[in-house]
Amino acid sequence: MTSAQTEGLIGMLMVLGILVLLVLPSVIGIVHDKRVDRQIRQAQRRYFTTTVTHHS
């Protein structure tokens with residue numbers, strides 16, 4: 001491997017690393033939002049289930 005190829009590989013790995021650092025917070029935020037949405041839906045189902053059974 002020549003020095004030009006090595007420099008190209010290092011540059012490509014640096015670009016990929018920077019891309020990961022830029023995208024990672026967004027992915028973590030999306031996963032967090034989906035988990036919160038799922039918890040809200042579960043809480044709503046429990047609330048409506050317990051409300052119906054207590055009043056019936």
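No hydrogens, no waters, no symmetry mates; every other heavy atom, side chains included, goes into these values.
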Enquirer: Using 0.5 Å steps for rounding, measure from the CD atom of Q5 to the CE atom of M12.
Expert: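 So the CD of Q5 and the CE of M12 are separated by 11.0 Å.
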Enquirer: Could you give the distance from CD (Q42) to CD (Q44), rounded to the nearest 0.5 Å?
Expert: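 CD of Q44 is found 11.0 Å from CD of Q42.
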Enquirer: Calculate, to the nearest 0.5 Å, the distance between atoms CG and CG belonging to L16 and L21 respectively.
Expert: 11.0 Å
Enquirer: Under a single-linkage definition using a 4.5 Å side-chain heavy-atom cutoff for Ile, Leu, Val, Met, Phe, Trp and Tyr, are V27 and L19 assigned to the same hydrophobic cluster?
Expert: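 The answer is yes; both residues are in one hydrophobic cluster.
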Enquirer: Atom NE2 of H32 and atom CG of D37: how far apart are they, to the nearest 0.5 Å?
Expert: 10.0 Å
Enquirer: Just verifying a value: how many Å separate E7 CD and L9 CG, rounded to the nearest 0.5 Å?
Expert: 11.0 Å
